[in-house]
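Heads up, the thing below is written out as structure tokens.
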Amino acid sequence: MGDTDTGDDDQDPEVSLFQVIQGEAASKRFVYISASLAALNGLLFGFDTGVISGAIPLIDNTFGFSTFIKEVVVSIVLAGAAFGAAIGGTLADRWGRRRVTLFGAVIFFVSSLGMAFSPGVRWLIGFRLLVGFGIGIASIVGPLYISEIAPPDIRGSLGTLQQLAITLGILLAYLVNYVFASLIQGPEAWRWMLGFGILPAAILGLGMARLPESPRWLVKADRDEDARDVLTQIRSESSVDDELDEIKGIEEVQTRDLSTLLESWARPALIVGVGLAIFQQITGINTVLYYAPTILGSIGLGTLTAILATVGIGIVNVVLTIVAVWQVDRLGRRPLLLISVGGMTVMLGVMGAIFHFTALSGTVAWIAVASLGLYVAFFAVGLGPIFWLMIAEIYPLQVRGVGEGTASVANWAANLLVTLTFLSLVHTIGRGFTFWLYGVVSVFAFIFIYKFVPETKGRSLEEIEADLRGTAFGDSEGGEAGEWTSEEDIR
Ligand code: BGC
């Protein structure tokens with residue numbers, strides 16, 4: 001479908017689709033379309049992690065498995081995702097962001113079909129592992145691609161689209177589960193639920209095949225002219241040369257060594273990425289999301305009300321993420337993160353108190369539902385989207401994919417740890433203390449963000465990197481450890 005004269009057939013789709021459309025508005029629109037398509041990575045991530053909650057009781061009817069196998073079917077996805085994230089970063093640096101997205105789309109497609117037609121539980125586990133691998137790749141390459149095609153002034157909004165898509169994917173999963181459970185009304189409905197994933201996978205694959213490669217990756221791959229062609233599509237004429245020079249300037253001073261991430265100048269980025277990754281999970285979000293129906297059911301809401309309340313929480317998650325998309329380039333990353341984690345801490349305290357001290361009925365039950373909803377709301381407005389956004393912003397270009405991969409692996413590993421330990425924690429110390437424990441962790445998360453996370457609002461990726469190169473822990477001129485932007489920027 002190429003209609004360009006770059007002479008490189010691999011480049012045809014990368015330079016042509018919207019070539020006829022000129023001007024700044026058109027290039028911005030193209031960036032929006034590209035970012036939205038790339039955010040389908042997030043939709044698949046959300047859908048495939050969310051769909052299992054409704055499918056698992058039906059799968060149990062078909063195969064009749066033990067609790068252990070059930071836990072494996074649920075959590076093997078997280079192990080697959082950690083693996084996908086580990087490899088995805090390197091692949092994205094080697095093959096390019098676009099090709100890795102296409103690879104991910106194929107994996108989603110094949111594994112969704114495979115899950116739908118699994119003849120036995122072993123096959124199902126195998127394909128769940130594969131879909132997890134796809135999720136891990138998607139969790140990296142979506143934000144990476146978006147951050148690299150976005151202009152600085154709207155990079156925050158575009159970067160948080162991935163999280164918006166994750167929350168929409170979770171909601172879609174609830175909906176798909178509900179529709180197929182009522183339409184098919186047989187034990188085999190789960191096959192349709194899991195198989196539904198082929199649809200967004202196909203859209204992602206077909207859409208991505210027509211999008212350009214990231215100009216930043218093209219420079220990294222010594223394809224400056226192709227990078228210029230792409231920039232011409234996504235920027236106004238006048239800014240193309242400046243941006244290309246800026247990217248090349250950064251590229252020239254880079255080494256290709258992964259150990260770069262461990263060097264003292266780059267270490268703050270590594271610590272911020274991995275720290276946010278772990279805190280995003282060990283403050284308990286997925287125990288609330290995965291176990292919401294159980295928690296809500298157990299406080300005496302009745303099955304239907306519990307399902308509706310769960311859908312309500314899914315909607316809160318989406319709506320507050322939209323607030324983050326809207327505010328992240330205005331208020332900035334740090335204020336939103338601090339509000340988010342502060343609010344989550346308070347809500348965890350309240351939930352802990354309710355579960356510890358009271359009998360859950362009447363008004364108290366509704367206060368519990370409200371604090372659960374508020375907890376998710378606070379997560380959605382900050383820690384949820386901004387983690388995925390920032391890990392695509394803070395690493396040096398030459399190791400951006402790998403750096404982001406490291407943070408993503410830490411996120412999936414922490415997710416797995418929390419998911420596997422939640423029920424035993426509740427069993428051992430009780431639900432009240434479990435939420436209090438997450439609350440204490442949230443206090444540490446707040447301190448961590450306050451001390452170490454820089455503001456990246458409105459800065460180009462190259463400026464962020466230049467700042468990082470100028471500052472390392474302990475050696476900033478009079479600055480605090482880890483603060484790699486100026487006071488003015490953090491304001
Ligand atoms: C987290 C997921 C979580 C989701 C909920 C994401 O940012 O990484 O673990 O399930 O948000 O919206």
Side-chain angles (χ1 to χ4, degrees), residues 39 41-53 74-75 77-82 84-85 88 131-132 135-143 146 159-174 273-293 310-325 328 333 336-337 340-341 344 372-392 404-420 422 438 441-442 445:
N41 278 301
L43 189 101
L44 279 152
F45 165 165
F47 178 79
D48 278 308
T49 47
V51 73
I52 197 69
S53 64
V74 173
S75 50
V77 155
L78 303 177
V131 84
I135 293 172
I137 289 181
S139 74
I140 291 189
V141 82
I146 294 172
T160 45
L161 282 184
Q162 164 97 353
Q163 175 72 12
L164 182 60
I166 294 175
T167 60
L168 283 170
I170 295 175
L171 200 59
L172 178 70
Y174 293 157
V274 172
L276 282 178
I278 294 174
F279 281 125
Q280 198 213 34
Q281 293 299 324
I282 64 174
T283 44
I285 183 64
N286 284 314
T287 62
V288 169
L289 288 180
Y290 296 168
Y291 295 100
T310 307
V311 173
I313 285 175
I315 293 174
V316 166
N317 198 7
V318 172
V319 172
L320 269 292
T321 306
I322 294 174
V323 174
V325 172
V328 73
R333 283 57 160 164
L336 281 179
L337 275 175
S340 169
V341 176
M344 286 166 69
L372 234 138
L374 278 171
Y375 165 83
V376 172
F378 278 116
F379 173 85
V381 86
L383 194 56
I386 295 176
F387 159 65
W388 292 108
L389 167 68
M390 288 197 82
I391 62 167
E404 196 192 353
T406 311
S408 188
V409 171
N411 187 264
W412 289 111
N415 189 341
L416 184 63
L417 180 84
V418 172
T419 309
L420 289 179
F422 175 66
Y438 296 144
V441 172
S442 303

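Owing to the predicted nature of the structure, the values given are computational and were not obtained by experimental measurement. When a ligand or atom number is given, it counts from 1 through the structure's own listing order. All residue numbers in this chain count up from 1 along the given sequence.
Nearest approach of V311 to Y174, heavy atoms of both residues: CA-CD1, 4.3 Å. Closest heavy-atom contact between A277 and A410: CB-CB, 4.0 Å.
At least one N/O-N/O distance between W388 and ligand 1 falls below 3.5 Å.
Of all the listed residues (L289, L168, L78), L289 holds the heavy atom that lies closest to atom 5 (C) of ligand 1.
To the nearest 0.5 Å, the span separating CD1 on I135 from OG1 on T49 amounts to 5.5 Å. The CG atom of L164 sits 7.5 Å away from the OG1 atom of T160 when rounded to the nearest 0.5 Å.
In this structure, the side chain of S408 does not engage the main chain of E404 through any donor-acceptor pair within 3.5 Å. Of the possible polar contacts, one joining the Y375 side chain to the I285 backbone as a donor-acceptor pair under 3.5 Å is found. Remark: side-chain polar atoms of S340 are paired, donor with acceptor, to backbone N or O of F378 under 3.5 angstrom.
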Please set out all donor-acceptor pairs under 3.5 angstrom arising from side-chain atoms of residues 379-388, sequence neighbours excluded.
none

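Proximity to Q281 (heavy-atom distance under 4.0 Å) selects the following atoms of ligand 1: 1 (C), 2 (C), 8 (O), 9 (O). Close approach of ligand 1 to I170 (heavy-atom distance below 4.0 Å) involves ligand atoms 5 (C), 12 (O). Heavy-atom contacts of T167 reach the following atoms of ligand 1: 12 (O) (cutoff under 4.0 Å). For ligand 1, the atoms sitting less than 4.0 Å from at least one non-hydrogen atom of N411 are 8 (O), numbered in the order shown with element in parentheses. Near N415, meaning under 4.0 Å from one of its heavy atoms, ligand 1 places the atoms 9 (O).
Proximity of T49 to ligand 1, defined as any heavy-atom pair under 4.0 Å, is not found for any part of the residue.
The shortest contact between atom 1 (C) of ligand 1 and any protein heavy atom is with Q280 OE1, 3.5 Å. For atom 6 (C) of ligand 1, the closest heavy atom belonging to the protein is Q163 OE1, 3.4 Å. In terms of protein heavy-atom proximity, atom 12 (O) of ligand 1 is closest to N317 ND2, 3.0 Å. Residue, atom and distance of the protein heavy atom nearest to atom 10 (O) of ligand 1 are N286 OD1, 2.6 Å.
Counted by atom type alone, Q162 and N41 present zero donor-acceptor pairs between their side chains at under 3.5 Å.
Residue contacts with ligand 1 include F379, since one or more of its heavy atoms lies under 4.0 Å from the ligand.
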